[in-house]
S.K.: 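One structure is given below, represented as structure tokens, and several questions about it will come after.
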Amino acid sequence: MSSDTHKAHGTGFYFGILLALGVLTFVTFWTARHMETGVFHTPLAVVIATVKAFLVVWFFMHLSDHGNSNKAFFLTSLFFVALMIALIIGDVATRLPTANPNFSAFKEMRGPW
Amino acid sequence: MSTHTALEEGFPAKHFLNQGTTFKSWATTIDHKRIALMYLVTVLFTFFLGGVFALLLRIELLTPGPGIMDAQSYNRVFSLHGIIMVFLFMIPAVPGVFGNFMLPLMIGAKDVAFPKLNLATYYIYVLGALFAVWGLWNGGVDTGWTFYAPYSTTTATKVVPVLLGAFTVGMSSILTGVNFMTTVHTLRAPGLTWGKLPLFVWAIYGTAAVQVLATPVIGLVTLLVAAEAGFGFGLFDPARGGDPLLMQHLFWFYSHPAVYIMILPAMGVVSEVIATFSRRQVFGYKMLAGSTLGIALVGFFVWGHHLFVSGQSTFNAGVFGVLTMLVGVFTAIKVFNWVLTMYKGAIDFKTPFLYAMGFLYFIIFGGMTGIALAVVSLDIHWHDTYFVVAHFHFVMVGSVVMGFLAALHYWFPKMFGKMYSDRWGLAAALFVFIGFNVTFIPQFLLGNMGMPRRYYQYPEVFRTLNVMSTAGAGLLGFGFAFILIVLVVALIKGKVAGPNPWFSKGYEWNTTSPPDMHNFHEVPVMVDAPHAYEKVPEGTLAAQEAAKTEAEGAHHHV
Amino acid sequence: MSDASAGMLDHAPHFNSAAHEKRAAQMGMWLFLVNEVLLFAGLFTAFFMYRFMYTDTFRYLAFVELDWVMGTVNTGVLLASSFTVVLAVQAARAHKSNQVGLWLLATIGFAGVFLVIKYFEYTHKIHEGLLPGSYFSYDLSESIARVKGDPVKMSHIADANINLNNVGNGAPMFFTLYFFITGLHGIHVLIGMGLLGWMAKRAFNGEFARRNDTPIELSGMYWHLVDLIWIYVYPMLYLL
Amino acid sequence: MNELIESLSWMNDVLFLPPQTSTLAPKIDFLHWQIFIVTMLTFFAITSVIIGLYIKYRRKEDHQVTEVFHPPLWLEGAFIAVPFVLFMAWFTLGFHDFVWSRTPPKDAIDVYVMGKKWMWKYSYPDGPNMIDTLRVPVGRPVRLLITSRDVIHSFFAPTMRVKQDALPGRYTEAWFEATKTGTYPIFCAEYCGLNHSAMIGNIVVMETREYDAWMDDVKRNTYASRIDIGMTEQQATMVTQGAKLALEKGCARCHSIDEANTLLPPTLGPSWVGLYRAERKLADGSTVIADEAYLTRSMMDPMVQLVAGYPPLMPSYQGVLQSGEAAAIAEYIKTLKKDSPTKLGAR
Ligand code: HEA
Ligand code: HEA
Ligand code: CUA
Ligand SMILES: [Cu+2]
């Protein structure tokens with residue numbers, strides 16, 4: 001992993017990535033604002049952002065040649081972000097309606113149990 | 001071991017302690033061993049401070065009514081006790097002291113990966129501690145160590161400086177984690193594969209991973225609560241549409257994994273100590289190493305068990321209930337493997353071993369009560385009673401402090417080159433053990449009776465058990481002071497320990513005691529697994545492999 | 001390797017080689033960035049949770065009260081700055097110290113543009129009273145009335161399925177989170193600018209002409225993270 | 001099963017558990033005993049193994065070489081499987097009881113519980129308000145709707161084995177059915193500041209007949225004459241308070257309490273008469289039963305469930321109505337039954 005084993009990427013290549021990022025920014029804007037995507041509205045934006053993030057991390061930050069451990073670290077961090085969001089929103093979504101005046105998936109006073 | 005360094009017998013003339021004795025040579029040192037000793041002095045001080053607060057608590061609780069202080073002071077005292085013990089003592093204790101000292105020695109490195117960062121980390125910790133202590137001096141906080149909103153955002157006490165102190169200490173903890181993980185990844189000596197890593201190193205590694213992943217979240221929580229207390233943004237304030245439970249979720253997202261930041265290194269210590277004093281490789285190395293990572297990982301999935309009756313949804317309580325059980329399984333694996341390490345061993349009952357046994361006792365007892373608490377319906381009765389207090393003192397004071405003391409007694413000869421009196425060491429340990437049980441077993445019963453925690457006054461029925469508990473705390477405090485005396489005496493006029501007083505085959509014993517400034521005189525090559533006391537049968541695969549690694553190691557050596 | 005030679009090595013004595021040291025430095029930086037990601041995760045969680053509770057309000061405010069033009073331009077600016085940093089790293093690998101400095105200056109320039117735009121966004125919000133928590137003093141019903149009078153906007157709102165009737169509760173919360181997230185991100189931008197400025201100074205001193213591209217690479221990684229966070233913040237706040 | 005529980009009840013003394021006074025208590029205690037016994041057995045087993053090993057394998061010489069021993073796979077498997085099975089079984093039993101403890105029977109008496117620095121207040125929907133002392137009949141389930149006025153508190157009745165946090169701005173639920181008459185303690189179990197440890201109350205469990213008599217008595221006596229522990233807002237029942245609040249907060253501008261809905265000028269919102277437990281048709285075509293949750297939500301977030309045929313006019317009262325006030329209005333609405341002679345608000 002010494003510095004001479006870097007794949008020589010060149011300015012042109014980086015510029016290509018920049019273009020791709022620009023295009024994806026436009027795509028995310030367009031799909032979020034001017035397209036009927038229904039339930040995919042939010043997931044789509046997250047996916048596009050993740051693709052962009054991948055481009056930045058992989059090529060700009062050179063994760064591609066920074067070794068497997070670093071790749072694992074970064075993936076782990078994303079996993080924990082997802083975990084935190086999922087379990088906390090999971091709580092809000094399943095509380096009794098009175099315990100959560102503004103929102104609950106359950107319309108009756110008695111919960112699912 | 002094949003690394004036959006020219007170990008000077010007895011006490012070396014030159015070692016890390018006497019190379020530079022000025023204040024400056026200590027304050028600006030980047031030597032991991034010296035930094036470790038600086039941590040040691042600091043955490044002993046914070047432990048003492050927290051302990052004094054604990055004794056004040058116990059004295060106040062001697063009588064049902066008001067005693068030596070008023071309610072406001074009591075509330076501050078238990079908050080400070082918790083905050084100091086958790087953030088300033090327990091979290092930096094084992095990693096800061098023994099992680100720093102032993103990690104490079106155990107992996108055959110000259111230092112940690114980022115020595116300057118290591119020193120900076122120490123100073124950041126001290127800065128955070130000073131921040132907190134300053135807040136403490138100027139009125140303290142009365143929120144408990146959990147800082148639950150909206151109480152913490154509306155109280156008139158000095159939450160902001162203390163929170164910023166916690167934030168700063170957290171930064172130090174993160175950087176320690178970054179440093180140690182990188183060290184383990186990049187600085188292992190030739191031949192030291194992951195499969196041979198000493199279990200203490202595995203434990204420090206798992207801890208470091210948790211530190212890096214969890215601590216930023218408490219950093220954020222402290223910032224948010226401080227901002228909320230200062231400006232009233234309403235993030236956790238129901239009157240402004242906020243959700244107080246969000247704060248609890250985020251808090252425990254850190255603070256549950258944090259309890260594994262405390263216990264994992266202690267578990268690592270115990271693995272080393274039991275192996276050394278039984279003269280065996282641990283029973284089920286892979287299981288122990290794997291369960292370390294398992295605890296580190298699954299420890300992140302269980303935080304909701306602190307919120308069973310807090311208004312969290314029933315569904316979530318179920319999810320967190322199941323996941324919590326998994327942590328118990330991983331810990332059980334560890335306990336069984338430790339116990340069976342003694343099987344066919346050659347046990348020598350020295351002070352560190354007694355502490356390791358104490359650790360086992362406390363983790364079994366404390367852990368089982370943890371499992372009982374995680375049984376959702378039982379937590380209805382126990383939540384926020386003295387049962388919980390007793391549970392976490394069993395695992396924190398019992399297990400972790402026992403682990404800390406085991407480490408201190410096990411590595412004391414390595415760190416200082418002197419040996420303490422084993423007889424007095426055992427006697428002091430006995431005091432701690434008995435004192436501890438007398439202090440905290442009555443608290444389990446108080447919890448069963450229904451005495452809530454953080455109670456300044458209590459109904460008469462709880463009196464007898466409280467008196468017992470206070471008496472035990474006196475004994476416990478005496479025990480700790482006793483240990484201090486035994487060790488200080490050893491420092492001054494202890495016998496010369498020699499490089500390997502326990503005849504251990506742990507890697508860290510391959511150098512002089514105290515070690516040289518650069519740890520080793522030659523780069524060690526790790527051929528055998530640590531603690532390989534068993535005879536290797538001739539011609540087996542293991543023997544061939546050993547020969548192979550030795551050859552490779554010789555190449556590797558620049 | 002004996003101690004006497006340590007002083008002459010191009011790496012710290014506890015490493016075997018410069019490449020070894022660099023590998024450690026990279027790993028340290030990645031781990032640090034992992035920590036940064038989790039720092040923001042807490043805020044993202046808070047955002048998604050409240051957005052889940054006050055969906056229509058949050059979406060309305062994103063549509064109407066946040067300026068997507070500024071948000072998008074800023075996205076572009078940050079992407080461009082990421083690009084210039086990459087070129088700085090490339091130059092550092094080629095040991096062209098001066099070029100490194102120039103690219104870093106360009107990056108700092110972009111960062112400056114980002115902050116200026118942010119400044120305009122902030123002053124506008126502050127002026128309108130679109131502020132966090134108790135400081136929120138904006139008349140939402142008036143805003144809704146204005147939107148209702150604007151057929152183009154109304155059609156957008158209808159397309160997006162935002163129920164105007166539900167707009168109201170949670171508006172201060174939106175701005176609490178808006179300011180927290182962009183503020184924390186902004187602090188990271190400032191820290192990054194300081195870091196890059198320092199590196200630029202070292203670059204113009206010719207420090208990277210001989211060896212050692214590690215500092216540039218690490219600062220670059222930090223800067224990319226700032227961009228990375230924004231990649232998520234942008235759709236979260238401005239689009240969804 | 002019940003005999004088994006009975007026969008083990010001496011365990012309660014061993015464990016210092018308080019008397020069991022609710023239907024939940026035996027369930028929790030039974031599991032508690034089981035877990036206690038199993039853990040103690042495990043504990044003694046492990047301890048004996050340790051002591052046995054210690055006695056058998058003492059060190060004989062400093063550099064003693066020990067025998068090689070590879071742990072068999074089945075043993076490691078058992079280390080995982082046995083605790084796993086045990087823990088999952090406990091979890092299942094515990095969660096089963098937990099869900100039961102979270103599911104109040106439909107016929108439960110409702111009592112509103114409000115924590116406030118540093119006292120407990122109870123409101124019976126159609127009856128008195130109490131401070132610190134909660135009176136309940138024996139043998140009838142009581143549902144507690146718990147909230148807080150300021151910071152988080154926790155309602156804890158050890159003998160009932162009931163505990164539930166009280167959160168400001170929202171309601172949590174708990175329920176219990178008392179099985180023994182007598183007076184039992186209530187604590188506040190979540191730290192809430194200076195007098196947290198003095199936030200203590202009592203549950204008085206009464207014979208049903210006694211309870212009814214008491215309830216009648218307090219209802220008959222004019223509320224105004226009761227000097228209700230010096231708290232002005234306490235002097236009325238929730239219902240009268242609700243009626244008052246409905247006027248004060250301007251609900252009456254849009255809602256009539258007249259069945260025919262003939263307020264002048266024409267009312268903007270639906271009448272409240274007969275609303276409680278009625279099936280409401282919503283604007284989005286769905287229907288919903290107008291329970292407490294619905295009523296509260298209608299005040300806090302009126303646009304989420306619009307009643308069919310009405311304009312989306314009603315403002316949100318989030319932050320305007322304290323949660324206790326919202327509950328009072330809800331209770332008031334609940335009394336407005338069709339053909340009901342007592343229309344309290346119509347004074
Ligand atoms: C070092 C610290 C530490 C450790 C290691 C643990 C370990 C565990 N803890 Fe503990 N805990 C705390 C520190 C710790 N805890 C603190 C500080 C609090 C209170 C915070 C506050 O509110 O202030 C707390 C509170 C707490 C609660 C919340 C109680 C409440 O407030 O209502 C719960 C509930 O589930 C819990 C569970 C557990 C479990 C399941 C484990 C498990 O990891 C234990 C696993 C271990 C074992 C199970 C033992 C070994 C296994 C065997 C020997 C096999 C045989 C076992 C059986 C047959 C049972 N803990
Ligand atoms: C690591 C953590 C830790 C440690 C070690 C301790 C140690 C002790 N704790 Fe503490 N405790 C907590 C963490 C800890 N505690 C936390 C987190 C809380 C919750 C706070 C909250 O509610 O917010 C708590 C709460 C708590 C309470 C409950 C207060 C309440 O709810 O009202 C009580 C009551 O008895 C108590 C008692 C004790 C006692 C008697 C000790 C004793 O073990 C202390 C004995 C120590 C000494 C007396 C010091 C003597 C030391 C020396 C003389 C030097 C020794 C030198 C060497 C060892 C070399 N603690
Ligand atoms: Cu109310 Cu504690
Ligand atoms: Cu926990």
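In the text below, chain A, chain B and the rest are named by the order of the sequence lines, each starting its count at 1.
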S.K.: Of all heavy-atom pairs between Val46(A) and Tyr232(C), which one has the smallest distance, and what is that distance?
M.R.: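 Smallest interatomic distance, heavy atoms only, reads O-CE2, 4.4 Å.
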S.K.: Assert yes or no for the condition that the ring centre distance of Phe83(C) to Tyr14(A) is strictly below 6.0 Å.
M.R.: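 Not under 6.0 Å, so no.
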S.K.: Under 4.5 Å between any side-chain heavy atoms of Met61(A) and Leu33(C), yes or no?
M.R.: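 The answer is yes, as the side chains (C-beta and beyond) meet within the 4.5 Å cut-off.
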S.K.: As an exercise, state the distance from CD1 of Ile88(A) to OG1 of Thr45(C), rounded to the nearest 0.5 Å.
M.R.: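 Ile88(A) CD1 to Thr45(C) OG1: 5.0 Å, rounded to 0.5 Å.
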S.K.: At what distance, to the nearest 0.5 angstrom, does CD1 of Ile89(A) lie from CZ of Arg51(C)?
M.R.: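 The CZ atom of Arg51(C) is 9.5 Å from CD1 of Ile89(A), to the nearest 0.5 Å.
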S.K.: Please report the closest heavy-atom contact between Ser69(A) and Met27(C), naming both atoms and the distance.
M.R.: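 Smallest interatomic distance, heavy atoms only, reads CB-CE, 3.8 Å.
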S.K.: Of all the heavy-atom pairs spanning Ala41(C) and Val81(A), show the shortest one and how long it is.
M.R.: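 The answer is CB-CG2, 3.7 Å.
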S.K.: Which value, rounded to the nearest 0.5 Å, describes the distance between Asp91(A) atom CG and Met49(C) atom CE?
M.R.: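 If I round to the nearest 0.5 Å, the distance is 7.0 Å.
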S.K.: With a 4.5 Å heavy-atom cut-off, do Met29(C) and His66(A) have their side chains touching?
M.R.: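 Contact flag for Met29(C)/His66(A) side chains = no.
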S.K.: Tell me, side chain or backbone of Thr76(A) under 4.5 Å from chain C's heavy atoms, or both, or neither?
M.R.: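 Neither part; nothing is under 4.5 Å.
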S.K.: Heavy-atom distances under 4.5 Å only: say whether Leu18(A) touches chain C with side chain, backbone, both or neither.
M.R.: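 For Leu18(A), the side chain is the part near chain C, not the backbone.
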S.K.: Below 4.5 Å, heavy-atom pairs only: which of Ile17(A), Leu78(A), Thr42(A) has the largest tally toward chain C?
M.R.: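 Most pairs with chain C among the choices: Thr42(A).
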S.K.: Give, as side chain, backbone, both or neither, the part of Phe59(A) having an atom under 4.5 angstrom from any heavy atom of chain C.
M.R.: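 Neither part.
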S.K.: Taking every heavy-atom pair that is under 4.5 Å apart, which of Ile229(C), Leu228(C), Leu239(C) has the most such pairs with chain A?
M.R.: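 With the most close heavy-atom pairs to chain A, the winner is Leu239(C).
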S.K.: Would you compute the distance between atom CD of Gln90(C) and atom CZ of Phe13(A) and round it to the nearest 0.5 angstrom?
M.R.: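 Between Gln90(C) CD and Phe13(A) CZ, I get 11.0 Å after rounding to 0.5 Å.
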S.K.: Does the side chain of Leu38(C) reach to within under 4.5 Å of the side chain of Ser77(A), using non-hydrogen atoms?
M.R.: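 When only atoms from C-beta onward are counted, Ser77(A) and Leu38(C) do touch, with a gap below 4.5 Å.
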S.K.: Please rank Phe26(A), Phe80(A), Phe15(A) by heavy-atom pairs under 4.5 Å with chain C and give me the top one.
M.R.: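 Of the options given, most contacts go to Phe15(A).
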S.K.: Could you go through Val92(A) and Phe48(C), starting from their C-alpha distance and side-chain angles, then the distance that decides it, and tell me whether this counts as side-chain contact (heavy atoms from CB on, under 4.5 Å)?
M.R.: CA-CA 11 Å; Val92(A) 184; Phe48(C) 277 114; over 6 Å; no
S.K.: I'd like to check Leu63(A) versus Met221(C) (side-chain heavy atoms, cut-off strictly below 4.5 Å). Are they in contact?
M.R.: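 Answer no - side chains too far apart.
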S.K.: Listed by chain and number, what are the salt bridge (charged side-chain N to carboxylate O under 4.0 Å, His left out) partners of Lys96(C), not counting sequence neighbours?
M.R.: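 With neighbours one apart ignored, the set is empty.
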S.K.: Mind listing the side-chain donor-acceptor pairs of residues 65-82 of chain C below 3.5 Å, one per line with the distance, residues two or more places apart or on another chain?
M.R.:
| residue | atom | partner | partner atom | Å |
| --- | --- | --- | --- | --- |
| Glu65(C) | OE1 | Tyr138(C) | OH | 3.3 |
| Glu65(C) | OE2 | Tyr138(C) | OH | 2.7 |
| Glu65(C) | OE2 | Ser143(C) | OG | 3.0 |
| Asp67(C) | OD1 | Val69(C) | N | 3.0 |
| Asp67(C) | OD1 | Met70(C) | N | 3.4 |
| Thr72(C) | OG1 | Trp68(C) | O | 2.6 |
| Thr72(C) | OG1 | Tyr234(C) | OH | 2.9 |
| Thr75(C) | OG1 | Gly71(C) | O | 2.8 |
| Thr75(C) | OG1 | Trp230(C) | NE1 | 3.2 |
| Ser81(C) | OG | Leu78(C) | O | 2.7 |
| Ser81(C) | OG | Trp223(C) | NE1 | 2.8 |
| Ser82(C) | OG | His224(C) | ND1 | 3.0 |
| Ser82(C) | OG | Asp227(C) | OD2 | 2.8 |

S.K.: With the side chain counted from C-beta on, respond yes when Val89(C) and Phe60(A) share a heavy-atom pair under 4.5 Å apart, and no when they do not.
M.R.: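 Of all side-chain heavy-atom pairs linking Phe60(A) with Val89(C), none is under 4.5 Å.
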